[in-house]
Amino acid sequence: AIVHCVGSRDKNYHEYCSQVCCMYSMKFSHLVREHIPGAKVYEFYIDLRAVGKGFEEFYNRVLDEGTTFIRGRPSDVFSENGSLIVCSEDTLADCQRRITADMVVLSTALEPKSDVEKVARLFSLSRSPDGFFLEKHPKLDPVATMNDGVFVVGCCQSPKDIPTSVAQASAAASRILAMISAGTIEIEATTATIDEELCSGCKVCSDLCPFYAISFDEEKEVSRINE
Ligand code: SF4
Ligand code: SF4
């Protein structure tokens, strides 16, 4: 049995869809049936997201091979007499299912890497509410960031499949080559200032500044921007 959307599309964990697990789950079904002829495979899903070139055809192929798709989120998995029992509703057949399985495979959510905060600070990158790096504009500039010369591609920006990651990487590489071939780069001259008359010395800004550009003048008890 293969359970889709574990930790994804769930307000208790991650609201986003992890994009790749429908397809790798179906690929796993296909491989199981290829290597163990006659094996029964059940896929528990909420809805299938087979969006991509050839994906729908692959879904039909897996269906034809005999994989059973059950639309429902399992409510329980437990061990009984050496087997695993998966209990789930079946919202299409309008009934409860109780499937005996040798193995239960969870299609778990893709998450930002554990060092995402460290890398974000290193390159002064913003992160979206789901924790992934934030692009400059999701439609008009999806690989650039607010920091000129820093690009985000692949799953550090959001869950995505290999073809999309490769396309993003190619786009970023061509943008970088264009910057290099320009010879010179203009940087923004905008810098923040602190009005010493108004600064209360609370140091809140020091912790928030992503560039570590604020120091504290102990004598005057005010913060300063390092220029
Ligand atoms: S890709 Fe499929 S299995 Fe993965 S989170 Fe999205 S709907 Fe669920
Ligand atoms: S320490 Fe920073 S945050 Fe606090 S008052 Fe001064 S400038 Fe503002």
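Sequence positions, counted from 1, serve as the residue numbers for this chain. Order of listing sets the numbers, starting from 1, for every ligand and every atom in it.
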Original post:
Are D76 and R98 within salt-bridge range, i.e. N to O under 4.0 Å?
Top reply: no

Original post:
Does any N, O or S atom of C5, backbone or side chain, fall under 2.8 Å from atom 6 (Fe) of ligand 1?
Top reply: no

Original post:
Atoms of ligand 1 less than 4.0 Å from S18 heavy atoms?
Top reply: 5 (S), 6 (Fe)

Original post:
Is E57 paired with R61 through a side-chain N to carboxylate O contact shorter than 4.0 Å?
Top reply: no

**OP:** For C22, take its heavy atoms, then give the atoms of ligand 1 lying under 4.0 Å from any of them.
**Re:** 1 (S), 2 (Fe), 3 (S), 4 (Fe), 7 (S)

Subject >> Full working for side chain to side chain donor-acceptor pair (under 3.5 Å) between S83 and T100 >> reply: CA-CA 6 Å; S83 293; T100 305; over 6 Å; no

**OP:** Show which atoms of ligand 1 fall inside a sub-4.0 Å distance from at least one heavy-atom site of Q19.
**Re:** 1 (S), 6 (Fe)

**OP:** Using a strict cut-off of 4.0 Å, indicate which atoms of ligand 1 neighbour a heavy atom of D47.
**Re:** 7 (S)

**OP:** Provide the number and element of each atom of ligand 1 under 4.0 Å from a heavy atom of S8.
**Re:** 5 (S)

**OP:** Tell me which part of M23 gets within contact of ligand 1: side chain, backbone, both or neither, using heavy atoms under 4.0 Å.
**Re:** neither

Original post:
Which one holds for L48 and ligand 1: side chain close, backbone close, both close, or neither close, with close meaning a heavy atom under 4.0 Å?
Top reply: neither

Original post:
Distance-only, no hydrogens or angles: does the D161 side chain make a donor-acceptor pair with backbone N or O of T164 under 3.5 Å?
Top reply: yes

Original post:
Taking F69 as the fixed residue, which of L63, I2, V41 is the one that meets the side chain to side chain contact (heavy atoms under 4.5 Å, CB included) rule?
Top reply: L63

Subject >> Rounded distance [0.5 Å steps], CE in M26 versus SG in C21 >> reply: 10.5 Å

Subject >> From R49, E43, R9, R71, residue fulfilling side-chain hydrogen bond (donor to acceptor under 3.5 Å, both in side chains) relative to H4 >> reply: E43

**OP:** Using a strict cut-off of 4.0 Å, indicate which atoms of ligand 1 neighbour a heavy atom of R49.
**Re:** 7 (S)

Subject >> Sidechain N-carboxylate O distance under 4.0 Å for E89, R97 >> reply: no

Original post:
Is S107 touching ligand 1 with its side chain, its backbone, both, or neither, if touching means heavy atoms under 4.0 Å apart?
Top reply: neither

Subject >> Nearest non-hydrogen protein atom, atom 6 (Fe) of ligand 1 >> reply: C17 SG, 2.2 Å

Original post:
With distance as the sole test, does S18 use its side chain to make a donor-acceptor pair with the main-chain N or O of V20 at under 3.5 Å?
Top reply: no

Original post:
By number and element, which atoms of ligand 1 are closer than 4.0 Å to a non-hydrogen atom of H4?
Top reply: 3 (S)

Original post:
Within C21, is some N, O or S atom less than 2.8 Å away from atom 4 (Fe) of ligand 1?
Top reply: yes

Original post:
Closest non-hydrogen protein atom to atom 7 (S) of ligand 1, residue and atom name please, with distance?
Top reply: R9 NH1, 3.3 Å

